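Notes follow the structure.
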Amino acid sequence: MKELINYLADPIRSFPITCVLYFLMMKYYKVVGTKKFAWIAGTLFFITAGMFAMDPNFWLIITWPDNIPISILILSVGFLTWFTLYKCAENDKRIEAGECPIEALPENREKVWAWPNLVYTELFAIIAGTAFLIAWGILFDAPLEEPANPTWAPNPAKAPWYFLGLQEMLVYFDPWMAGVVLPGLILVGLIAIPYIDTNPKGNGYYTFTERKMAVSMFMFGWLVLWLYLIIVGTFLRGPNWTFYGPFEFWDFHKVVAEYNVNLSEFFWVFGLKQALPGNLIIRELPGIILTILYMGIPVALTFNSLNAIFQSIGESKNKFLNITMIAPAFKCLAGIPAFIEKTGYIRYYIYVYLAVIMAMLPVKMVLRWLFSLKYIIALPEWELNL
Amino acid sequence: MAEKGLAEKVRETQVWKSIFRHGPPNNARNRAAVVAGNVFLHLHPIKLKKSGVQLGYTWCMGGLTFFIFLALTVTGVLLMFYYRPTAEYAFNDIIALKEHVPLGIMREIHRWGAHAMVITVWLHMFRVFMTGSYKPPREFNWGVGVILLVLTLLLSFTGYLLPWDQLAIWAITVGSNMAKATPVMGHGGPGAMLMQIGDFVMVSDKNDVRFQLLAGRFVGEPALLRFYILHCVFIPLVVGVLIAIHFWRVRKDGGISAPL
Amino acid sequence: MSEVTRNKLNRREFFSYLSVGWIAFTAACAGLAGMAFRFSYPNVNFEPEMDFIAGRIEDYEEGVDERWKNGFGVWMVKEEGKLVALSNICTHLGCVPNWMPAELKFKCPCHGSGYYTSGINFEGPAPRPLERYKIGLTPEGTIKVDKTKLYRYEKGQWDNPNSFLSV
Amino acid sequence: MSKKLEPGMAYDMKKLNKVFAFLSILFLAVTFWVFLDDFVRPWKAVQIQGLKVKQAKIDKDLAIEAKKIDDKKIAEFDAKIEEGEKLHASRSEVIEKLNEDLNKLDLLMKAETIKNGQLNSNVSATNFNWELAHSHHSKNEPDLFKLLKKYKKEFAESKDRMKGLTTQIKTAKKDLLATKSELTKALREKAEFIGARKLLLQARKTTEIDPIFVIRNAPMGDFLDPTLKVRQVVLNDITDDRYFQHVPKVDRCMTCHLNIDKKGYEDVAQPYATHSKLDLMVGAKSPHPMKQTGCTSCHGGEGHRVLDFNAPAHTPQNAEQKKEWVEKYHYHPPHKVPQVQFKVGYVEASCIKCHKGVERIPGGTVVNEGIRNLEKFGCYGCHKIEGWEHKRKPGPSLEKIASKVSKEFFKNWVWSPKAFNKHSNMPSFFSQANNSKPEHMKKNITEVNAIADFVFSKSEGYRPFSKFSPGNKARGKKLIEQVGCMGCHGVEGFEQDSKKINAFAGPYLTGTGSKIKSADWLVSWLKKPTHFQEDTIMPSMRLTDREANDIATYLLSLKNKKFEDLKFEPLDDKVRDDLLVEYFSAFDTLEVARAKLAKMDDVARTHELGKRSVGKYGCFSCHNIDGFEGRAPIGPELSGVGSKPLTQFGFGHEYDVEHSRGGWIKAHLQAPRRWDNGIDKPFKDLLRMPNFNMTEKQADSITVALLGMVTDYIPLRGVKSLDHHEKVYAEGMKVANKFNCVGCHKVKNGQWDETGGDLLKKEEYADDLNMGPPWLVDQGHRVQADWFHNFLKNVTPIRPWIQVRMPSFNLSNEEINALVMGFQAGAKQQTFVDNHAKIEWTPGEKNEAKRLFDALACASCHTTGFNKDEAQAPNLYLAKRRLRPSWIKKWIMNPQSILPHTSMSNFFEDGEPSEEDYFDGSVEKQVEALTKYVLEIGDIELPKAK
C-alpha cells in the first residue's frame, strides 16, 4: 500500500492524478459542495492522515518545523475550497431556479451597525488569532539549524516554502524562466485579472455557473500549479532535489534514472542522422520554429475559417468527446470570435498569451516525462534555454 | 435616586469626556459616533450591508492579515532590541532569544506569524476572487492587493535570512540565485554575455541585480544588513502606505463587495 | 485679441513654463531616484579576493600541479599544450576531490565521482565536468587566475581563449 | 490689481507655472551638482595621472623591446606564414575529406554519448534500487540484479565504443591540424618572437583614455566596472582598535600610491614611486607583503581615508617639504588623528610592535641603534619598559663604594660626571638649565653632600685580595690593547680606536688614577672582578699577577689633575634642615615637621636628607644601594609612550619644538629640563630627568625606539611568531648581549651594527680580520654542544696566533646553556652528534687520504702536533672533540662561503679539486677522506709538544 502511494506520488503520476481529481471536483462541484460530502471526506481525510502519520518517514516530514505552515495551509485550503464550492452550489441552485443569490436576499442587504457587529467580529478574529499564534509558538519551536557556513551547503538546499513552487519549476525550466519570467507573468497576470474578466456577473457573491471559465482557470492555477507544486517541493523533494515518496526514507544516495536530451539532438542526430550543425541558430532552428508556432496559436485561433470546425466538434454528441471535455473545450474555442467582438483584441491577446504561457509548464512537464526532453531551445552559449 | 454605578461615575469625569465625546454605543446616535469619532474605527463605515459582516462571506482573512501584520510589527520591533544584524552576532542573538531572553518566544510568534500572514493573504485573495470582488469598481484595489501579496512574500523572504543559520543563508542563496538569471540584468541570464566591450564587462557578478540585492557576490554580511534594512524598515514602510491606500479604496469603492 | 491668438499664446506659454517646469521636475526626481540606485552599489567591497598571481608558465611541469589547491582551490593542469586553472569543487555536492597521481584522476572522497586530468567526469554521480577559471598573462608575464569567471565544458566554453594559456 | 483673476483662484496660473518652472530648474541644477560633487574626487585625478606614468614606463620598455625586434626577422616570419597558408590551401581536398569524416564521427559520438548517458543513469539508478532490495531482502532482488548486470554490460560496451570513437576523432583532428602545421608553427614562432611586445602593447592599451574608459568611469555608469576605483587591502591579522573591538585594518594607500609594490618605478616621483625597500617591505615576495602587512601598520596614519591629501595624515619630512605640500595639496597638519604618519626616518619604530622578544630586528638599523642606546643610557632604570624589567641595573653597585673611591671624588663626580669623564654614561643632574640659580645650587650642594654621607654610611667593607706592586706602564698599555679590554671599554691613550669601536658595556677608562682610592683594589678587580661584585659582567681575563700589575700601573698613571683639585663645598646645616622640614611638612603642619626634626641628631639629619635625595633623584634606579631594594622606578613608564595622546605631553613654553610625539621625545632627550623654562616652580618640583648630553643621532634613534612602544593590540597571528629555533636563538642572544659577546665577536655575516664585532673595527684587526676575535658565524654548526659548554666554563685558547683573549665570563650554568643552545638553534643543529664511532675506511682510502693531506700541505698552517713551526691555524687534533663532521666537510669544501676573510685555502674552487690526482679527482671523495682523516687523528693522543 505504502509503496503504491510512494509510486503514485511521483509527479509523473501525481500530477495527472491531481488534474483528474481537480477536473472531477469542478465537474461535480454540486456533489462536492454538500455538507454530507464534507463530513465523509473530512472523516476519511483525518483517518488516512492519522494512518499516514504512523509512518516514521512521513511523520518526520510533516513535523519538520518549517513544514507545519504547509499542513495548516493544506487544512485551511481544503476546507475553504469545499466551503467555496458549497457556497457556489447553494447560490447556483437558487440562480438556476431563477432566484437571487443568498447574499442578495433582502435580509442580507439590510444595513447594520458597524459597532458592534463588524467591530466585534474583528475583535474576535484578533483574539482568536493571537491565541492561535501564541499556542503555535509554544508548541513548535521556530526552526534554527547550524550557524551559517558558506563553505558547505545542506542537501537539499530549499528556498522558503512559499517559493518551492518556483523551485519545483526549476526542474523543468532554466532559472530565467522559472525564477524570473514565470513569476513576473504570474504577478502581471494577477493584476490583469479585473481587466481581462469583463463578465459583470458574480460580483459580490459566490457562484460557479455564472463564471465557469474564470473560476476554473483561477482554481487550476491556484490549486494545481501553485499549491500542488509547493506540496511536492516541500514533502516529496529530498537530497539533490530527487523525488522521494511520502513514506520513503531520504537516502542520500538515491539516484533516479534520468538522462535528458535536447530537441535539437532528437532532430539532427536521431531524426536526420547528421552531426549537430555548428551554427547555433541552425542547430536550434527546430525548437525555435516550434516555439514560434506555439506562440502563434492564439493568433491562429482568431481565424474565422477554424471557427466552423471548432463549432462542429464542439457540437458533436460523441460521448467520449463530451466526457473528456474535448467537445466543450472546442465549443469554448469556437466562442473566440464572439469573445473578441465583445472584449476587443488587446484583452483577448493578453488573456490568451497568459494562458498559453501558463500552459507551458504542464506542456514542458509532459514532454519531459514522455520523451526525456531537456530543452526545446538549447542555447547554453547564450544562457538561453527553453 | 439610585446611586450611580462606578462605570457611570467614570463616564461623567472630565477626563473620560475629553477622550470619548459620546455616550455608550447603545443607541443609534452613539453607535454612529463611536465609529466616526475614533481614529482607528473610522476606517469602517458607520453602517454596512449584513452580508459584509458575515464570516461565511468574508472569512475575515483580510482583517486577519492586517492584524498579523500589526502583531508582526510589534514583535518585530521588540526583537530588534536583542538582535544585531552582523555576521558575528546574529546567530548568537537568536540563540539568546531562545535560551535566556525573557519571553524570547516572541521570535517563535514572529516566525509563525510570518508564515500565517503568507497563508492568510493567499486565502484573502482566494476569497476575493471567488466572490468576484475585483470586478468594477474595485479593479485598482485588486491590483494594490496583488502588490501587497508580493510584498508580504518579500517581507517573509527577507526575514528568512536574519537568523543567520544554514537554513537561512542557503534558502536565500537559492532564492537570490534566481535573480542572477534575470535576462540581461543578471550575469547568469540570457543576453548577459552580449553586454561586454573588450574587457569592460557590463554585467558581471559584481554589478548585476543580484549584487545589488546582496551587496556582494554571495550571501555575506552586507547581504545580512541589506536584508535587515529591507525587512525592518523599507518593505514595512511601503506595505504600510499601500495598506492605507488599500483600506481607503475599500471605503471609496463602496465598502465590502456585495451583490449589485 | 481674438480667441485664436489667445489660445496660441496660451499654448506657447504652456510650452515655455509649464512643460519646462514639469520636465525639469521629472528629470530631477529621476536623478534623485538614480541616486538611491547608485547608492545601492558599493564602490569597494570586502569580499575575499577572487584573483591571484600564479607564478610564471615556466614554473609548471606537465601534469597536475597542486600548489594553489589549499590557498585558492585551484589545480593548475598543463596538458596537450594548454595550461588551465581547474576548480577543485566537485560538481556533485561541492566536496573537494583528491588528486590521485598513480591513477591519473581526481577522485571525490564523498560520493566517489571521478574526473580525468582534463576535469571531465567519467565515474560516480557527478553531473558535469569540473569548471575552469579564467586564466591570462599580466604585462609582467606572470599568470593571473580570475575565479570570478567560470568556463564550463558542457557549455562549450572550454574553447574560449580566456579559459586556457597556450604553452 | 491690474488683472482680474478667475473666481476661486488666489493666484494667476501663469505666475504659478513660472515659479514652478524656476524652482524645478533650480532643483535639477542641484541634482546635477550632487552627482558632480560625489564624482569629483582627488584620487581619480591621481589615478589618471598614474596612467600617464605607467604609459611612459611602457613606452620605455617598448623602445627597448623594439630594439630587439628587427624588421628583417619579421619579414622572414611573414614569408613563412604566407608559405604556410599556401600549403594549407593546397591541401583543400584532404581537408574537405577530413572534415567530412569528422562530421560523421561527431554524429556517431553524439549519438553514443546520449546512449552512454542514458545507460549510465540506468546503471546508477538500478544499482541503487538493487542495493536497497538486496539489503532489505526484497523478492525482486534477483530480477534487479539481472537488470543491473545487463545495464552494466551495455554500459561497458558503449564506453568501449566511445573510447574507440574518441581515438578516431583525435586522429582525425590531429590530421586536420597537420594540414596546417607549417602555418601554425610559423604563427607560433612569430608570436613568441614578438610576445613580450604584444603584452606590452596590450598593457599600453589599458593606459589609454578612450571612449570606453570615459563610459566606464562616467558618473552613474561607474558602478559597472570602473577602472578608476578605490583600491584597498584588508588585513585580518592586524587590527584597529574601535571601542575595545578589534576590527581588521583597511589600508587604501595604494589608491594613489599605485606602483608601491611594483618594480620599475624607483625613479618616479611620489605618489607613483616603488617602495624603497621592496625586498623587505610591500613586495609580494618580501616577508611583509602588502596584502598581509598593509601600509599604516608601519607608517601610521589613517590608511583607510582617501578623501584628499590631508585625510590619511601625511607627515612632512621637514619644513621645506611642508611648504611644498601646502602649495601643492593645501596641506595642513592632521588633527583629531590618533596616530599620524611617521616621518620618513621614524618608520622603523613600528617594527617593535610585532617583533617582540628579540634583541635585534633584522633590517631595523635605526631602531636597533635606538634599543642599544636605551640600554646604553640605562633609560629602563628609571622608566619601566615592558619586557625590560629584569635587566641588570645599568650602573655599578654602590654597596661597597667606600672601598673604591673617596667621598670627595664621589661628590665631585655626582655633581658633574662629565667633568671627569666626558664619555661617561652617568648623566648630569646638577647645574642644569632649571637648577642653576644660586639658591638652587646651594640646596643641590647640600643634597649631594647628604647623598655622599648616606651612601658611604651604607657601604660595606671590602678587603682586596691582592697587593699592588708597581709594574711596567708601557707593558700595561700594550696589554690593554692586546688582551681585548677595548671590546667593552674605551681607554685613554687609545682615543682613535675607542672612537671607532664605540663600546658601551664598560666605562671609558680615563683618569683612573684620580678615581680609584686603592691600587690594591684595582689589581684585585682586574684579576677577579667577581671578588668585589658577585654579579658583575666584567669578566676575568686570566691575567697573571705581573700582567695585572702592569695594567694597573698604566691605569693609575691616568690622572685628571683638574678634577682632583676640585674641592666640594661642605654641607650647610641650615639648608639641610630647611630641606628636611620641607620633606616632613609634605603631609603635616610646619610645627609638627620642626618638632620631628628637633628629635633627630646631626648625623641622622644628614642621613635622612641623603636617603630622601637618593629617592628623589632615583640614584637607586641605576645603582644598587642598600635599603632601596624593590623600590619602584621614579620615572613614568615608557611602555605605551608611542600611543600617549599628544595632549598629554607637556610642551610648556617651548614653542620651537615640533608639535608631535617624536618632536617632544627628541627635544626631551637632548635637553630634558627645557620644559621648566619660563615656569616658576618650587625647588622640590623641578624636573629631575638628568642630562645625558646625547648627540642628535642618539636622540633620534632612541626616539624611534620609544615611538614604537605603542599600546596597539596586535592579534597573535599578526605578530612575528618566533619558531622553535628562533626562540632559542633569541634567548641565547640575550645572554650574548648581556655579556657583550657581540662587542668582540661578529655573530653573522652582514651589517656591522646588528651583528656585533665592534672590536673588529680596531685598526689592527680591520686590516687582517684573522687577527681579531674569531667570527661566530655558523658557530652552532661548527662546534659540538658539549665542547662549547665546557669551553665557556673553562676557556682554553684555540687559535694560538691571536693575542686578544677570550675572557672567562662569570656565566651561570643556565646562561651557558642558553648561549650554546642559542647558537645551535641559529644554525638549526641538533645537540648530539655521534662522531665517536670508529672511522671506517675503504681499502686504500686511508693511505690516499694521508697523501692528499700532505699534498695539500695542511700541516703547514695546522702545525700543532705535526711540526715545530708556529701554528697559523687551529689544532687539528682537537677537531674531533670540537667540531661537527658535517661542518668540517662544508668548511673544507668552501671555507670562504662561511667566513669570507679566512686565510684557510679553498682547495675546491668552483667545485674543481686543486689536486686532481687523488680519488680520481672526485670532490666528494676527497672531502670525505680529509674529514675522516681529521676526525681520526683526534683519536690519537696529542703528541707532547716540546
Side-chain angles (χ1 to χ4, degrees), chain A residues 69 72-73 76 80 84 101 103-104 107-115 117-119 121-122 125-126 129 133-134 136-138 141-150 153-154 157-160 162-163 175-176 179-180 187 190-191 193-195 202-206 211 218 222 382-384, chain B residues 25 31 34-35 41 44-51 53 57 60 63-64 67 91 94 105 107-109 111-113 115 118-119 123 129-132 134-135 139 142-143 146 150 153 156-157 160 163-171 174-175 178 181-183 188-190 218 257-260:
Chain A
I72 294 175
L73 181 70
S76 49
L80 288 173
T84 314
E103 288 85 350
E107 68 252 40
N108 283 333
R109 284 174 170 272
E110 175 202 350
K111 289 250 185 175
V112 295
W113 293 108
W115 180 287
N117 304 303
L118 181 59
V119 177
T121 319
E122 285 169 353
I126 288 173
L133 276 183
I134 291 174
W136 189 1
I138 294 169
D141 283 345
L144 190 66
E145 298 184 349
E146 304 93 326
N149 182 349
K158 290 189 178 183
Y162 36 81
F163 286 149
W176 71 274
V180 185
L187 179 64
L190 282 175
I191 293 177
I193 284 176
Y195 306 99
N203 186 351
Y205 56 93
Y206 293 93
R211 38 198 296 251
F218 178 84
W222 156 239
W382 299 347
E383 308 270 8
L384 186 72
Chain B
R31 274 184 184 141
V34 73
V35 173
L41 294 181
H44 302 110
I46 288 163
K47 271 183 144 183
L48 70 168
K49 283 190 189 135
K50 200 172 166 192
S51 67
V53 300
Y57 180 76
C60 202
L64 267 180
F67 155 66
F91 182 77
I94 299 289
I105 197 161
R107 183 204 162 211
E108 264 75 18
I109 296 175
R111 174 95 179 199
W112 296 136
H115 290 321
V118 171
I119 296 173
L123 295 176
F129 185 91
M130 290 314 293
T131 57
Y134 56 83
K135 299 194 175 192
E139 310 101 305
W142 165 267
V146 172
V150 172
L153 295 184
S156 184
F157 182 68
Y160 218 78
W164 204 237
D165 60 346
Q166 283 288 72
L167 184 65
I169 66 160
W170 290 103
V174 171
M178 302 214 183
T182 313
F218 48 83
S257 65
L260 297 167

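What you see is a predicted model; the values in this text were computed from it and never measured. Each chain gets a letter, A, B and so on, in the order its sequence line appears, and its residues count up from 1. Just so it is clear, the values below take in all heavy atoms, side chains as well, and ignore hydrogens, waters and symmetry mates.
Between B:W112 and A:G137, the shortest heavy-atom contact is CD1-CA, 3.7 Å. When all heavy atoms of B:M130 and A:R211 are compared, the pair lying nearest together is O-NH1, 3.1 Å. In terms of heavy-atom proximity, B:S257 sits nearest to A:N203 at CB-OD1, 4.3 Å. Summarising the geometry of A:F163 relative to B:F157, their closest heavy-atom pair is CE1-CD1, 3.5 Å, with the distance given to 0.1 Å. Nearest heavy-atom pair across A:A125 and B:C60 is CB-SG, 3.7 Å. For the residue pair A:V180 and B:P183, the shortest heavy atom distance occurs at CG1-CD, 4.0 Å.
Between chain B and the residues A:D141, A:T84, A:I134, A:L384, the most heavy-atom pairs under 4.5 angstrom are made by A:D141. Listed options A:L80, A:T121, A:L187 were ranked by heavy-atom pairs under 4.5 angstrom with chain B; first place goes to A:L80. Highest contact tally toward chain B, considering only A:P175, A:P147, A:G179, is held by A:P147 [criterion: heavy-atom pairs under 4.5 Å]. Ranking B:A171, B:A181, B:G113, B:P259 against chain A, the residue ahead of the rest is B:P259, based on heavy-atom pairs under 4.5 Å. Across B:I94, B:V146, B:L41, the residue that shares the most heavy-atom pairs under 4.5 angstrom with chain A is B:V146. Considering only heavy-atom pairs separated by less than 4.5 Å from chain A, the leading option among B:L48, B:V35, B:L153 is B:L48.
For the pair A:W176 and B:T182, the minimum side-chain heavy-atom distance is 4.5 Å or more. Looking at heavy atoms from C-beta onward, A:S76 lies in side-chain contact with B:L123 at the 4.5 angstrom threshold.
At a 4.5 Å heavy-atom cutoff, the contact between B:I169 and chain A is made by side-chain atoms alone. Heavy atoms closer than 4.5 Å to chain A are found in the side chain of B:R111, but not in its backbone. Contact of A:K111 with chain B is made through backbone and side chain together, with heavy-atom distances under 4.5 Å. Both the backbone and the side chain of B:V53 come within less than 4.5 Å of a heavy atom in chain A. If you measure heavy-atom distances from B:H115 to chain A, the contacts under 4.5 Å come from both the backbone and the side chain. Both the backbone and the side chain of A:V112 have a heavy atom closer than 4.5 Å to some heavy atom of chain B. With a threshold of 4.5 angstrom between heavy atoms, B:L167 approaches chain A through its backbone and through its side chain. For B:W142, the part sitting under 4.5 Å from any heavy atom of chain A is the side chain, from C-beta outward, and nothing else. The part of B:I105 that comes within reach of chain A is its side chain, from C-beta onward, which places non-hydrogen atoms under 4.5 angstrom from that chain. Both the backbone and the side chain of B:Y134 come within contact range of chain A, each with at least one heavy atom under 4.5 Å from a heavy atom of that chain. Only the side chain of A:W222 has a heavy atom closer than 4.5 Å to any heavy atom of chain B. Proximity to chain A (any heavy atom under 4.5 Å) is shown, for B:Y57, by both the backbone and the side chain. Only the side chain of B:L64 has a heavy atom closer than 4.5 Å to any heavy atom of chain A.
To the nearest 0.5 Å, the span separating CD1 on B:I109 from CD1 on A:I138 amounts to 7.5 Å. Taken from OH in A:Y205 to OG1 in B:T131, the straight-line distance is 11.0 Å, to the nearest 0.5 Å. Going from atom CD of B:Q166 over to atom CG of A:L144 covers 11.0 Å, rounded to the nearest 0.5 Å.
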Criterion side-chain contact (heavy atoms from CB on, under 4.5 Å) on B:F129 and A:I193, from CA distance to verdict: CA-CA 9 Å; B:F129 185 91; A:I193 284 176; 3.9 Å; yes
